[in-house]
Amino acid sequence: MRSSTSAGEPLAYLTAATAGIRHHTRTTAPDTNNPSLAPGPASRAHLDALHIHLTALHTLLDQLTATTRRRQPAEGGHLAAARTRLWQATEHVHDAFHTAPLVDGTATPGPERCQPEAVLDAGPPYLTICQRHLVTTIRVRRQTTPTDLKSPLHGHATHRAA
């Protein structure tokens, strides 16, 4: 699926980011002709890069939700639900980062992983992913209720996943 967006248009960078993700997906796909070349599990660097994309996309959805809700409440409601689900995905990627094996073989940090003193002592990439996550968490807590974060679909508790 190609877009005719040129470099001067507002969607050019979003289109380029999407193309980059598609390319990365193709290059990390298992080789069906040679299963021994299958990629390994996601690395911490990979998960950190995904977290960067997800938090940036969350910010974009947040802006679109705010501007759309005023004029088209139903559409804005769907965007708000998408923003909430994206945040849930972002939290899972953040958790995966902290449970992924460390390169040097040391133990993975426990639940205290994002406490300020633990993050500062650990340095990058912990420092960067945890700072980014905490900043986004503050914004999410200001705009989303705990009920919205826990509901299964579309922000409505009446729709249950099977």
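In this chain, residues are counted from 1 in sequence order.
Atom CG of Asp48 is separated from atom NE2 of His53 by 10.5 Å, given to the nearest 0.5 angstrom. In this structure, the separation between CG on Asp95 and OG1 on Thr90 is 11.0 Å, given to the nearest 0.5 Å. From Leu14, atom CG reaches atom CG of Leu57 across 7.5 Å, with rounding to the nearest 0.5 Å. One distance of note links CG of Leu54 with CZ of Arg132; it measures 10.0 Å at 0.5 Å rounding. Here the CG atom belonging to Leu60 is positioned 9.5 Å from the CG atom belonging to Leu79, to the nearest 0.5 angstrom. One finds the CD1 atom of Ile129 at 10.5 Å from the CG atom of Leu134 (value rounded to the nearest 0.5 Å).
Taking 4.5 Å as the limit, some side-chain heavy atom of Thr25 sits within range of a side-chain heavy atom of Ile21. No side-chain heavy atom of Leu64 sits under 4.5 Å from any side-chain heavy atom of Arg83. Counting heavy atoms from C-beta outward, His24 and Thr28 have side chains that approach closer than 4.5 Å.
Evaluated for a side-chain contact (heavy atoms from CB on, under 4.5 Å) with Gln63, the options Thr65, Thr67, Thr59 yield exactly one hit, Thr59.
Formation of a donor-acceptor pair under 3.5 Å by the Thr144 side chain with backbone atoms of Arg141 is not found in this model.
With sequence neighbours excluded, no residue forms a salt bridge (charged side-chain N to carboxylate O under 4.0 Å, His left out) with Arg69. Residues that satisfy the side-chain contact (heavy atoms from CB on, under 4.5 Å) test with Thr136, not counting sequence neighbours, are Thr55, His58, Trp87, Arg139, Val140.
Taking all atoms of both residues into account, the shortest heavy-atom contact from His94 to Cys130 is NE2-SG, 3.9 Å.
The salt bridge (charged side-chain N to carboxylate O under 4.0 Å, His left out) analysis of residues 49-60, with sequence neighbours excluded, yields no pairs.
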